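Reviewing the structure listed below.
Residue numbering restarts at 1 for every chain, and letters A, B, ... go by the order of the sequence lines. Everything numeric in this text was worked out from a predicted model, so none of it was measured.
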Protein chains: 2
Amino acid sequence: MAADRPTGKTLAGEAYERIRGAIQDGRLRPGDRMRFSDLQALCTMSVTPVREALARLTAEGFTVLDDHRGFSVAPLSLSELRDITANRKLCEGEALRLSIERGDGQWEARLVAAHHLLARVPQGRDDMPSVIRDDWDERHAAFHRALISACGSPILLDTCLRLFGHAGRYRRVSVSLSGRRRDADAEHRQLMDLALARDGAGAVAALHAHYQGTADALEAFFDGRNA
Amino acid sequence: MAADRPTGKTLAGEAYERIRGAIQDGRLRPGDRMRFSDLQALCTMSVTPVREALARLTAEGFTVLDDHRGFSVAPLSLSELRDITANRKLCEGEALRLSIERGDGQWEARLVAAHHLLARVPQGRDDMPSVIRDDWDERHAAFHRALISACGSPILLDTCLRLFGHAGRYRRVSVSLSGRRRDADAEHRQLMDLALARDGAGAVAALHAHYQGTADALEAFFDGRNA
DNA sequence: GTGTCAATGATTTTCGAAAATCCGTGCCAT
DNA sequence: ATGGCACGGATTTTCGAAAATCATTGACAC
């Protein structure tokens with residue numbers, strides 16, 4: 001499918017995507033130390049591009065670097081989960097407000113299309129094949145991206161996407177805890193409806209509730225795990 | 001002053017700081033292409049650590065990467081200036097509000113100390129030696145950092161610092177336009193007073209005005225330049 | 001005169017090995 | 001017994017050169 005060397009793209013870029021993928025889907029777990037020998041085996045390339053990929057990932061907060069002790073996957077913590085949630089409320093909330101204020105017909109079309117695709121995939125459960133679950137993750141991200149895509153601020157958009165990616169690491173940890181997100185579908189539909197109705201305040205409130213709900217579920221999961 | 005090799009630190013880290021410094025103080029100008037040969041001369045090291053530094057800078061938006069065409073300094077534009085300003089209002093405003101809500105006596109002390117140091121340096125002008133101007137820049141950054149340092153959100157703090165760094169590139173371009181920022185000192189004092197008085201709403205409003213004022217001045221400068 | 005294509009030069013990108021650094025282990029002195 | 005210290009192994013970090021890629025120039029056909 002992908003040619004051996006999709007010309008115009010660099011090896012370091014591929015290493016970045018591959019390692020980030022491994023982190024986000026849990027193949028590399030939080031706190032794990034990342035040896036270059038393993039990473040070279042995973043990426044099938046020399047150390048230089050891998051190092052460049054890790055530098056980028058570190059700048060984005062997915063990995064941490066101890067000088068002369070190498071890289072490791074950024075650890076997860078309750079305090080960071082709370083921090084991410086608070087920042088998502090702030091940034092994605094504002095981005096959604098702006099999108100509703102500024103979005104045109106094209107934006108509405110993108111939103112409806114993304115929701116349609118999301119609704120057609122069964123809700124994520126632990127017993128579903130990972131291929132389908134990955135598909136749901138991708139469409140889920142696309143839906144949230146569509147929601148805020150008309151905000152008109154590239155910087156804000158970038159911040160939101162970064163936060164979404166970080167939140168995804170927590171989401172994935174608790175994916176084995178099924179049933180807890182029973183109403184995600186309904187919440188997504190409600191978000192779309194409020195956005196299309198141009199109800200900015202209502203949509204932002206719903207988004208806050210959506211994020212707080214997922215955060216609470218995750219927090220309960222973590223508490224149960226530590227006890 | 002700095003030892004030849006401050007052990008415990010990596011060469012790539014030094015390259016990062018050096019190149020970032022060159023970008024922020026204008027030695028490398030927006031849009032400039034960055035050849036590795038030049039950068040190696042500037043940093044006195046091989047290509048590998050320089051490349052890692054550029055990868056980090058690219059992830060933070062200070063440089064851009066065209067695949068197989070190398071790195072260049074991220075260009076400046078009015079639209080990005082407006083975008084940065086809007087995001088600073090949102091993020092630093094919230095961070096300031098939180099700091100005022102949560103800050104303790106230690107925070108107040110840091111704030112007063114930072115303002116004292118800032119006020120003791122003469123206002124930036126085009127005829128001042130660059131050493132002093134650099135000093136003012138550093139203390140200016142320290143003051144704004146102190147303002148929001150008690151917000152309790154590492155992620156928000158990181159976002160704010162990144163935005164501040166980007167805004168600094170625009171600030172520096174217009175530093176030759178002296179006299180325009182005549183009331184920066186007064187505004188800083190007002191910010192501190194409002195923060196110490198725990199007037200959250202007032203302080204956030206003052207911060208917004210502060211940023212909008214600098215943005216307007218810069219925009220006028222850019223307009224005059226293009227005409 | 002214009003457009004296409006191949007060779008050339010400059011530059012980035014990647015490799016594989018050398019140098020530097022850190023952690024753990026075992027020995028020795030107190 | 002305990003604390004300090006040097007040594008060995010594993011790993012990161014850096015180097016210098018080779019391979020790959022892109023822009024430019026010039027020639028040639030139409």
Side-chain angles (χ1 to χ4, degrees), chain A residues 2-20 22-23 27-75, chain B residues 2-20 22-23 27-75:
Chain A
D4 285 25
R5 287 173 197 170
T7 181
K9 213 176 175 187
T10 185
L11 267 186
E14 189 176 325
Y16 171 84
E17 292 180 9
R18 218 177 263 232
I19 297 174
R20 175 168 169 162
I23 290 176
R27 262 161 36 236
L28 290 171
R29 284 180 304 181
D32 276 359
R33 179 131 176 248
M34 310 168 84
R35 288 178 196 72
F36 277 94
S37 46
D38 301 339
L39 262 40
Q40 286 181 58
L42 171 64
C43 299
T44 327
M45 62 186 68
S46 182
V47 59
T48 313
V50 171
R51 190 165 182 75
E52 179 172 336
L54 288 176
R56 285 194 217 172
L57 288 166
T58 297
E60 292 177 1
F62 287 102
T63 56
V64 293
L65 165 62
D66 296 340
D67 285 311
H68 292 283
R69 289 193 54 185
F71 297 84
S72 56
V73 182
Chain B
D4 285 24
R5 286 176 199 170
T7 181
K9 213 176 177 185
T10 186
L11 267 186
E14 190 176 324
Y16 171 83
E17 291 180 10
R18 219 177 261 232
I19 298 174
R20 175 168 169 163
I23 290 175
R27 267 170 21 243
L28 289 170
R29 285 181 302 181
D32 276 359
R33 179 131 176 249
M34 309 167 84
R35 288 179 197 70
F36 277 93
S37 46
D38 301 338
L39 262 40
Q40 286 182 59
L42 171 64
C43 298
T44 326
M45 62 185 69
S46 183
V47 58
T48 313
V50 171
R51 191 168 182 79
E52 179 172 338
L54 287 177
R56 285 195 219 172
L57 288 167
T58 298
E60 292 178 0
F62 288 103
T63 56
V64 293
L65 165 61
D66 297 338
D67 284 310
H68 292 283
R69 291 192 52 184
F71 296 83
S72 56
V73 182

Whole-Å distance separating the CZ atom of A/Arg69 from the P atom of C/dC22: 10 Å

A/Met34 and A/Leu42, any side-chain heavy atoms less than 4.5 Å apart: no

Atom-to-atom span, NE2 of B/His68 to C1' of C/dT14 - whole angstrom: 10 Å

Between CZ on residue B/Arg20 and OG1 on residue B/Thr63, distance to nearest 0.5 Å: 11.0 Å

Angle by which the axis turns from one end of the helix from C/dG1-D/dC30 to C/dT30-D/dA1 to the other, five pairs per end, to 10 degrees: 0°

Residue pair B/Phe36 / B/Leu54, side-chain heavy-atom distance below 4.5 Å: yes

Spacing of B/Asp67 atom CG relative to C/dT14 atom C1', expressed in whole Å: 14 Å

Nucleotide C/dA20, atom C1' - distance to NZ of B/Lys9 in whole Å: 18 Å

Pair A/Arg18-A/Met45, side chain to side chain contact (heavy atoms under 4.5 Å, CB included): steps then yes or no: CA-CA 12 Å; A/Arg18 218 177 263 232; A/Met45 62 186 68; 5.9 Å; no

Positions of residues 27-55 of chain A (non-hydrogen atom under 4.0 Å from DNA chain C), listed by number: A/Met45, A/Ser46, A/Thr48, A/Pro49

Check ion pair A/Arg56-A/Glu60 (N to O, under 4.0 angstrom): no

Close side-chain approach of A/Glu52 to B/Arg51, heavy-atom, < 4.5 Å: yes

Side-chain heavy atoms of B/Cys43 within contact of B/Ile19, under 4.5 Å: yes

Short side-chain N/O contact to D/dT12 OP1/OP2 from B/Thr10, under 4.0 Å: no

Options C/dT13, D/dT13, D/dT14, nucleotide nearest the side-chain atoms of B/Phe71: C/dT13

Integer-rounded Å distance: C/dT13 P and A/Leu11 CG: 11 Å

Check: A/Arg69 main-chain N/O paired with A/Arg33 side-chain donor or acceptor under 3.5 Å: yes

